[in-house]
Peer 1: 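Let me give you the structure first, and then I'll get to my questions.
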Amino acid sequence: MSRYLGIGALTVVAVVACPAWANINLDFRPDFQTVGIGDTVNIGLYAVSDSAAPQDFSAIDLLLGWSPGFLQLLGVNNAGALSLLFSGFPATSPYGLNEAVPPQDGDGHYVAWAFLGEPVDATPEGVLVTTFQFQALGLTPGTLVDMLVSGGSPVGYTTVWGDGQQANYPVTGTLDNALVEIVPEPTSWALLALASVMFLKGRRR
């Protein structure tokens, strides 16, 4: 599978394909933005109403991009998230993505489906849809996990779908990204230095 299309900027970007009345934004909220090699990176996906009132949605198609040299996608964790009919990476993507479940090549298609006839609310504070989990692989001052506007072949688009009262009703607002710094674990020389200091202090007593 090809490298994902259109790496996002460091700032939140607007979905170029969305209509003017879009009203549900998608946010990434990582638990930590600096992690050590081998650590798990948890990045929460939140659906956020752009008004003072909740907004209903029935489904989300999210195209996800990351650098597989720095991060390995482990999957999703739905603990504490919305109760949904399905939340994960479908084995077959209509956009030619998801060569595996979870995908490993740097782009993927995540799907969230509400129960039929039971749309869920995106609140002004944001509701947790799922948490993407990655493993940190290599040192970097910053690597992006992106919500892609488009990708795949045939081309698909990240879309938040309305409450189901009208078919194919997109309500996509802005898309976000997360910047993750990966640093060495405090092992090796740091722990050896600390052990040496403690050993010398012990001998002087």
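By convention here, the first residue in the shown sequence is residue 1.
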Peer 1: Please report the interatomic distance CD(Q133) to OG1(T40), rounded to the nearest 0.5 Å.
Peer 2: 6.5 Å

Peer 1: As an exercise, state the distance from OG of S83 to CD of E118, rounded to the nearest 0.5 Å.
Peer 2: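 Going from the OG atom of S83 to the CD atom of E118 covers 8.5 Å.
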
Peer 1: If I take atom CE from residue M147 and atom CG from residue D27, how far apart are they, to the nearest 0.5 angstrom?
Peer 2: 6.5 Å

Peer 1: When rounded to the nearest 0.5 angstrom, what distance separates CG in N177 from CG in D146?
Peer 2: 5.0 Å

Peer 1: May I ask you to decide if the ring planes of H109 and Y95 are parallel, tilted or perpendicular, using 30° and 60° as cut-offs?
Peer 2: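 It falls in the tilted class, 30° to 60°.
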
Peer 1: Pair I37, F70 - check side chain to side chain contact (heavy atoms under 4.5 Å, CB included), show working.
Peer 2: CA-CA 9 Å; I37 290 179; F70 295 116; over 6 Å; no

Peer 1: Treat each ILVMFWY residue as a node, draw an edge where side-chain heavy atoms are under 4.5 Å apart, and state whether V101 and L71 are in one component.
Peer 2: yes

Peer 1: Does any part of the side chain of S51, heavy atoms only, come nearer than 4.5 Å to the side chain of N23, both counted from C-beta?
Peer 2: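 They are not in side-chain contact.
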
Peer 1: Return yes when atom CZ of F32 has more than 12 non-hydrogen atoms of other residues, nucleotides or ligands closer than 6.0 Å, and no otherwise.
Peer 2: no

Peer 1: Quick one, L63 and D107 - any side-chain contact, counting heavy atoms below 4.5 Å?
Peer 2: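 Heavy-atom side-chain distance check fails, nothing below 4.5 Å.
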
Peer 1: Can you confirm whether T123 sits close enough to S49 that some side-chain heavy atom of one is under 4.5 Å from a side-chain heavy atom of the other?
Peer 2: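 Not in contact.
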
Peer 1: Side chains of L26 and T174: closer than 4.5 Å at any heavy-atom pair?
Peer 2: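 No; the side chains remain at least 4.5 Å from each other.
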
Peer 1: Check the side chains of T159 and D61 for a donor-acceptor pair under 3.5 angstrom, ignoring hydrogens and angles.
Peer 2: no

Peer 1: Give a yes or no answer on whether the side chain of S87 reaches the backbone of A112 with a donor-acceptor pair at less than 3.5 Å.
Peer 2: no

Peer 1: Compare every heavy atom of A79 with every heavy atom of L128, then report the nearest pair and how far apart it is.
Peer 2: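 What the structure gives for the nearest pair is CD2-O, 4.1 Å.
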
Peer 1: Got a donor-acceptor contact below 3.5 angstrom from the S67 side chain to the G69 backbone?
Peer 2: no

Peer 1: Can you tell me how far OH of Y46 sits from CG of N25, rounded to the nearest 0.5 angstrom?
Peer 2: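 Those atoms lie 15.0 Å apart.
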
Peer 1: Any sub-3.5 Å donor-acceptor pair from D163's side-chain atoms to P119's backbone N or O?
Peer 2: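 Side chain of D163 to backbone of P119: no pair is present.
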
Peer 1: Might you point out which heavy atoms bring S93 and N98 nearest each other, and give the distance in Å?
Peer 2: CB-ND2, 4.1 Å

Peer 1: Flag the pair F134 / W66 as yes when their ring centroid distance falls below 6.0 Å, and as no otherwise.
Peer 2: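 Here the rings of W66 and F134 have centres that are less than 6.0 Å from each other.
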
Peer 1: For the atom pair OG1 (T130) and CG (L45), what is the distance rounded to the nearest 0.5 Å?
Peer 2: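 Here the interatomic distance stands at 7.0 Å.
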
Peer 1: Taking the six-membered ring for Trp, are F132 and Y110 closer than 6.0 Å centroid to centroid?
Peer 2: yes

Peer 1: Will you find, in the side chains of N42 and T131, an N or O donor that is under 3.5 Å from an N or O acceptor?
Peer 2: no

Peer 1: Cut-off 3.5 Å, side chains only: do E99 and Q104 have a donor facing an acceptor?
Peer 2: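 Per modelled atom types, E99 and Q104 side chains form no pair under 3.5 Å.
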
Peer 1: Please examine the side chains of Q33 and V180, heavy atoms only from C-beta on, and report whether any two atoms are closer than 4.5 Å.
Peer 2: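 Of all side-chain heavy-atom pairs linking Q33 with V180, none is under 4.5 Å.
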
Peer 1: Could you tell me which non-hydrogen atom of A136 sits nearest to which non-hydrogen atom of G36, and how far apart they are?
Peer 2: CB-O, 3.5 Å

Peer 1: Determine whether Y157 and T172 make a side-chain contact, defined as any pair of heavy atoms from C-beta on separated by less than 4.5 Å.
Peer 2: no

Peer 1: Is it the case that one hydrophobic cluster holds both L73 and L62, taking links as side-chain heavy atoms less than 4.5 Å apart, direct or via other members?
Peer 2: yes

Peer 1: Show, in sequence, the C-alpha distance, side-chain angles and deciding distance for T158 and L175, and conclude whether the side chain to side chain contact (heavy atoms under 4.5 Å, CB included) test is met.
Peer 2: CA-CA 9 Å; T158 289; L175 304 183; 3.8 Å; yes

Peer 1: Are P184 and L139 close enough that some pair of their side-chain heavy atoms sits under 4.5 Å apart?
Peer 2: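 Yes; the side chains approach each other to less than 4.5 Å.
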
Peer 1: Are V129 and V120 joined in one hydrophobic group, where the rule is that I, L, V, M, F, W and Y side chains link up if heavy atoms are under 4.5 Å apart?
Peer 2: yes

Peer 1: Write down the atom of P54, the atom of P124, and the distance for their closest heavy-atom approach.
Peer 2: N-CD, 4.3 Å

Peer 1: Should F57 and Y169 be counted in the same cluster of Ile, Leu, Val, Met, Phe, Trp and Tyr side chains packed under 4.5 Å apart?
Peer 2: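 The answer is yes; both residues are in one hydrophobic cluster.
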
Peer 1: Taking all heavy atoms of W161 and all of P170, pick out the closest pair and write down the distance.
Peer 2: CE3-N, 4.1 Å

Peer 1: Verify the cluster assignment for V171 and V127: are they in a single hydrophobic cluster under the rule of side-chain heavy atoms below 4.5 Å apart?
Peer 2: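 Result: yes, single cluster for both.
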
Peer 1: What heavy-atom pair brings I182 and L137 nearest, and what distance separates the two atoms?
Peer 2: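 Residues I182 and L137, closest heavy atoms: CD1-N, 4.2 Å.
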
